[in-house]
Amino acid sequence: MAEALERVAAAHPECDLSNPGTPSATVAILRHRNSVLDHLVLADSPIVLEEADVYTAITDLRVDEILPDLRAEVERHETHTPGHREALQRLVLAQRQVRNTPEGYWVAASSPEAAEHALSGTTPLEGLRSAAVMSDGVSRLVTEYQMATWPEVFATLRGGGPRELIETVRKVEATDPTGRRWPRYKAGDDATVAFCRW
């Protein structure tokens, strides 16, 4: 991952990549190698492993641990209101100051150093039924909205695939368009899923 970040940065010499607002992304990588699965997670896009009736979520939630007062201020407002926009702007500006620093949290941006702070490991493939790599815009159905369990998520993935799971997330969010029930930064976040079966 460090090499990839270096290559992308080198491809954009005209950009000010030292700017705290430089584009960044979460990372969730699952690699099948021989009889094992390697994982790498940077920020809050999780990988969930299914083994019989056990579900293991691998995620990096350091971003949730910083700036709790500013986060709480955002969550006090309904989405799409002036108060929400102003509070969110203050939070984003403060997050940029601690992004990719030891005092803050790590995401993939212009510095290859971020790769050193990713969560990585290896899991034997034996006994695993499937895995899902997803953005937090999907995992929040379980983690934040608590409108499904991991077994229900995997049943949906087996029955209707990623599209049906994402549609389920959007239907749930549509019942709370202003974030009153589930305070959040926007009505719906990015939603991506890769479903792997063996």
Side-chain angles (χ1 to χ4, degrees), residues 1-51 55-67 71 91-140 142-143 150 153-154 157 161-163 165-166 169 185-186 188-198:
M1 187 174 86
E3 291 175 8
L5 293 175
E6 282 182 333
R7 284 197 307 271
V8 171
H12 299 279
E14 72 283 2
C15 298
D16 177 9
L17 299 178
S18 64
N19 186 311
T22 197
S24 62
T26 64
V27 178
I29 300 171
L30 187 64
R31 177 176 63 189
H32 181 196
R33 181 173 52 88
N34 301 320
S35 59
V36 299
L37 291 178
D38 297 324
H39 68 263
L40 182 143
V41 173
L42 187 62
D44 54 2
S45 289
I47 296 172
V48 184
L49 306 176
E50 179 190 28
E51 180 179 5
Y55 298 84
T56 304
I58 304 163
T59 188
D60 174 5
L61 298 177
R62 284 175 281 191
V63 67
D64 292 344
E65 298 168 3
I66 63 161
L67 307 169
R71 289 173 59 85
L91 173 63
V92 168
L93 290 173
Q95 283 178 327
R96 287 178 180 172
Q97 300 308 309
V98 294
R99 181 183 299 154
N100 288 351
T101 69
E103 299 78 30
Y105 65 104
W106 297 86
V107 293
S110 59
S111 172
E113 181 187 358
E116 297 173 19
H117 299 277
L119 305 180
S120 61
T122 300
T123 303
L125 191 57
E126 185 179 355
L128 288 180
R129 294 182 62 193
S130 64
V133 180
M134 63 186 76
S135 64
D136 66 322
V138 176
S139 63
R140 66 185 55 228
V142 175
T143 59
W150 289 124
V153 163
F154 277 76
L157 286 169
R163 177 173 291 176
L165 180 59
I166 292 169
V169 173
Y185 300 152
K186 48 191 166 183
D189 205 351
D190 61 302
T192 305
V193 186
F195 184 44
C196 312
R197 289 186 280 190
W198 297 275

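Predicted model only: the values in this text are computed from it and were never measured. Every heavy atom of this structure was used, including side-chain atoms; hydrogens, water molecules and symmetry mates were not.
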Point-to-point distance, once rounded to the nearest 0.5 Å, from [atom1] of [X] to [atom2] of [Y]:
{"X": "T122", "Y": "R33", "atom1": "OG1", "atom2": "CZ", "answer": "5.5 Å"}
{"X": "R197", "Y": "L128", "atom1": "CZ", "atom2": "CG", "answer": "14.5 Å"}
{"X": "L61", "Y": "L119", "atom1": "CG", "atom2": "CG", "answer": "9.0 Å"}
{"X": "I29", "Y": "D38", "atom1": "CD1", "atom2": "CG", "answer": "10.5 Å"}
{"X": "N34", "Y": "H32", "atom1": "CG", "atom2": "NE2", "answer": "7.5 Å"}
{"X": "L125", "Y": "E51", "atom1": "CG", "atom2": "CD", "answer": "10.0 Å"}

How about [X] and [Y]: do any of their side-chain heavy atoms sit closer than 4.5 Å?
{"X": "V133", "Y": "T192", "value": "no"}
{"X": "Q97", "Y": "P20", "value": "yes"}
{"X": "V153", "Y": "V142", "value": "yes"}
{"X": "P162", "Y": "L157", "value": "yes"}
{"X": "L42", "Y": "M1", "value": "yes"}
{"X": "F195", "Y": "L165", "value": "no"}
{"X": "H117", "Y": "Y105", "value": "no"}
{"X": "P46", "Y": "M134", "value": "yes"}

Does the plane of the ring in F154 sit parallel, tilted or perpendicular to the ring in Y55? Use 30° and 60° as the thresholds. tilted

Give a yes or no on whether the backbone of [Y] and the side-chain of [X] come within a donor-acceptor separation of less than 3.5 Å.
{"X": "R99", "Y": "Q95", "result": "no"}
{"X": "D60", "Y": "R62", "result": "yes"}
{"X": "H39", "Y": "L30", "result": "no"}
{"X": "S45", "Y": "T26", "result": "no"}

For residues 7-18, please give each side-chain donor-acceptor pair under 3.5 Å, one per line with the distance, not counting sequence neighbours.
unit_1	atom_1	unit_2	atom_2	d
D16	OD1	S18	N	3.2
D16	OD1	S18	OG	2.6

Could you check R71 against D64 for side chain to side chain contact (heavy atoms under 4.5 Å, CB included), going step by step and ending with a plain yes or no? CA-CA 8 Å; R71 289 173 59 85; D64 292 344; 3.4 Å; yes

Take D190 and D136, measure what side chain to side chain contact (heavy atoms under 4.5 Å, CB included) needs, and give me the verdict at the end. CA-CA 8 Å; D190 61 302; D136 66 322; 4.1 Å; yes

Output, in order, the C-alpha distance, side-chain angles, deciding distance and verdict of side-chain hydrogen bond (donor to acceptor under 3.5 Å, both in side chains) for D44 and T59. CA-CA 6 Å; D44 54 2; T59 188; over 6 Å; no

Compare every heavy atom of [Y] with every heavy atom of [X], then report the nearest pair and how far apart it is.
{"X": "A191", "Y": "I166", "answer": "O-CD1, 3.5 Å"}
{"X": "G137", "Y": "V169", "answer": "O-CG1, 3.4 Å"}
{"X": "A109", "Y": "T22", "answer": "CB-CG2, 4.2 Å"}

Scan for ring-ring contact (aromatic ring centres under 6.0 Å, His included) pairs involving residues 118-138, sequence neighbours excluded, and state none if there are none. none

Checking side chain to side chain contact (heavy atoms under 4.5 Å, CB included) for the pair L49/T123: CA distance, chi angles, key distance, verdict? CA-CA 9 Å; L49 306 176; T123 303; 3.7 Å; yes

